[in-house]
Every structure is written in C-alpha cells, then in structure tokens.
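Throughout, numbering of the chain's residues begins at 1 and tracks the sequence. Counting starts at 1 for both ligands and their atoms, following the listed order. As the structure is a computational prediction, the values presented were derived from the model and not from experiment.
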Amino acid sequence: MAKKSILVARAVFPEVLERLGLHFEVESNQADVIWPRDEFIRRLQGKAGVFTTGGERIDAALVAACPDLKICANMAVGYNNFDVPAMTAAGVLATNAPDVLTETTADMGFTLLMATARRVSESEAYLRTGQWSKWCYDMFCGADIHGSTLGILGMGRIGRAVAKRGAHGFGMKVVYHNRSRLTPDLEAEVNAKYVSKQELFKQADHIVLVLPYTAENHHTVGAAEIALMKPTATIVNIGRGGLIDEDALAAALAAGKILGAGLDVFEGEPKVNPALTALKNVVLTPHIGSATVPTRQAMANLAADNLIGYLTQCQAKTPLNSL
Ligand code: DGY
C-alpha cells in the first residue's frame with residue numbers, strides 16, 4: 001500500500017524525521033523557513049497529517065482548504081494555534097504534547113522567579129559592562145524567595161510542579177487561583193491554598209502565570225491586577241504572552257510599582273515590546289520553557305507517535321478532540 005504523505009512544518013530532530021519516514025512520505029522543512037500561510041496551505045495539499053510546533057494557525061479556513069488533512073500534531077502542550085471546534089467540525093484530529101515537558105517547564109518558571117527576585121540579569125549586565133568598582137551594602141538587593149508567598153495563577157500539571165518546588169524546596173507558602181479548585185488530596189500534595197484572583201495578587205511575593213491562553217483570558221493580568229501587587233513583588237510568565245497587558249506591565253516596572261518581571265513568552269513573539277526591552281528590572285528569555293534536549297526530543301517523539309498512531313491505526317496518544 002502506498003504510504004500516506006505528511007508535512008513537518010518546521011525543523012525537527014533528524015531522528016524523528018527518520019522515524020516518520022518509516023511510515024510516511026515526509027515533506028520536511030529542515031531549513032526552518034517560516035512559510036507564509038498561502039504557501040503552508042499549498043504544501044498541505046494531499047497531506048494526511050501535519051507536524052506543527054505551536055506557531056502555525058490551524059483554523060476553519062485552513063481545514064476547508066486542505067480536504068485531505070486528517071490530523072494536526074502539535075509539538076507543544078499549548079494549542080492556542082488550533083481552533084479545535086473548527087477542526088472537529090471538519091473531522092480533523094488535534095493532538096498536543098502534554099506531560100513530557102512538565103518538570104522542565106516548571107524548572108524554567110523557578111529559574112525566572114529566582115533570576116527576577118535576585119536581579120540576576122541586571123547585576124550581570126552591570127558587571128559585564130565594567131561598572132563594578134566596589135562592594136556596597138545595598139548593591140542589587142532583591143527579594144527573598146525562601147519563606148515568601150508564591151502565587152500561582154493556573155494550577156494544572158505545570159502549576160503544581162512549580163508549587164512543589166516552592167513549598168518543598170524553598171519553604172514557601174503557596175496560594176493559587178484556577179478555573180476549578182483542586183481536590184483536597186491534590187491541594188495537600190502541593191501544600192497550596194485556593195484564593196480568589198484578587199487575593200492572589202495582594203498576598204503573593206512572587207507570582208507565576210502558568211495558565212493556558214484562550215480568548216477569555218486575554219490580558220487577564222492588566223493594570224488593575226498589577227496595582228494590587230506589593231511594591232516588592234515579582235511576576236513571571238511561562239504561559240503565553242497574551243495573558244499579560246505588556247504595556248501596563250512595562251509602565252508599572254518603569255515606575256517601580258513592582259520589583260521585577262521574568263518573561264519567557266510575549267504577545268507578538270518573536271517581536272518583543274520595546275517598552276519591555278528598555279527596562280532593567282525584567283528578565284527576558286525567548287520562549288525556552290521546555291528547551292532541554294531530552295524534553296524537546298520527548299515532545300517531538302510524542303507528536304510523531306500521534307501522527308503514526310492515528311494515521312496507521314486510528315489511535316492517538318494525546319488527542320484534544322474526539323471525532
Ligand atoms: C508549549 O509546549 O506550549 C511550550 O510553550 C512550547 O511551545
């Protein structure tokens with residue numbers, strides 16, 4: 001029987017392409033060109049599956065224009081690039097890559113929290129630019145992490161992994177807010193207390209955003225929420241850029257209304273709001289939350305498993321819709 005054809009939309013580990021090649025005719029993109037949408041749609045003609053990495057918008061217009069498409073496998077846990085109801089209506093399976101990146105992404109959340117609270121980027125830049133001439137008692141004083149209050153907005157798998165690090169590793173008091181409250185068992189496991197969103201912003205010394213991005217929570221952190229924060233507080237975003245009103249955040253940071261921010265995701269990424277890059281009290285990283293080789297390999301292999309399983313045996317490991 002002739003092999004089905006798939007498109008791998010971005011560069012990926014060669015060994016994952018090799019695996020896919022055992023089952024499919026694979027059109028790949030190892031040059032990692034960002035195809036304009038019309039070219040992406042053109043390349044999808046005759047393809048039964050597509051391997052996406054989170055930046056490719058799959059919506060009603062695209063699935064209508066690609067009648068052979070049966071599955072879109074995202075190499076990301078976040079799937080805000082998918083219009084899942086439109087895909088379901090068109091009979092296209094959507095899959096993501098959960099679980100395999102939980103601990104790595106939680107590590108990154110904590111990395112940003114610590115770097116922001118202890119002013120690592122700002123003090124390193126000071127040293128590298130030759131400005132350090134003497135030790136001084138109040139030089140780059142930051143905020144304590146141990147014993148402080150950690151506020152987590154979004155208490156899914158990654159949120160709970162961040163909570164464990166705070167509660168068990170740093171003796172932090174953990175408060176959280178989530179669409180639905182955790183079961184008492186899960187709350188006890190991560191030693192976290194459920195509070196309203198307002199209380200979270202008031203009580204926390206360090207806030208971490210880990211919720212999925214949807215149209216409903218666009219700019220869920222804006223000027224009103226930031227105004228509730230303590231002047232010594234920090235905020236970290238490892239979810240999606242659209243969760244924060246970046247202009248409001250930059251204004252608060254510039255005015256010293258909060259201590260700092262650590263951001264791994266941005267609303268217009270890879271473009272970054274110049275109001276943020278102009279500031280010293282913000283740690284900025286280029287969407288590297290899951291960026292370790294073993295984790296990225298696991299994410300890519302899970303996306304490949306979904307393509308292979310669904311197109312050869314009608315079984316995907318991590319489907320987002322049922323058809
Ligand atoms: C995810 O998996 O959603 C990460 O943000 C990487 O894209």
Next item on the list: Give a yes or no answer on whether the side chain of Asn29 reaches the backbone of Asp32 with a donor-acceptor pair at less than 3.5 Å.
Entry: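 The answer is yes, because a donor-acceptor pair under 3.5 Å joins these two groups.
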Next item on the list: For residues 138-164, pull every pair meeting salt bridge (charged side-chain N to carboxylate O under 4.0 Å, His left out), keeping only residues two or more places apart or in separate chains.
Entry: Asp99-Arg157, Lys164-Glu189
Note to self: Side chains of Glu267 and His219 only: does a donor on one sit below 3.5 Å from an acceptor on the other?
What the structure shows: yes
Notebook entry, point to check: If we ignore angles and hydrogens, is there a donor and acceptor under 3.5 Å between the side chains of Asn306 and Thr318?
Noted result: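 Side-chain D/A pair, Asn306 to Thr318: present.
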Margin query: Can you tell whether the side chains of Glu103 and Arg165 come within less than 4.0 Å, N to carboxylate O?
Written below: yes
Checklist line | Salt-bridge present (Arg19, Glu15; N to O < 4.0 Å) | finding: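 Answer for the salt bridge query: no.
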Enumerate the pairs of nitrogen or oxygen atoms, one from ligand 1 and one from the protein, separated by less than 3.5 angstrom; state names and distance to 0.1 Å.
residue	atom	partner	partner atom	Å
ligand 1	2 (O)	Val77	N	2.7
ligand 1	3 (O)	Val77	N	3.4
ligand 1	3 (O)	Gly78	N	2.8
ligand 1	3 (O)	Arg240	NH2	2.8
ligand 1	5 (O)	Arg240	NH1	2.8
ligand 1	5 (O)	His287	NE2	2.7
ligand 1	7 (O)	His287	NE2	3.4

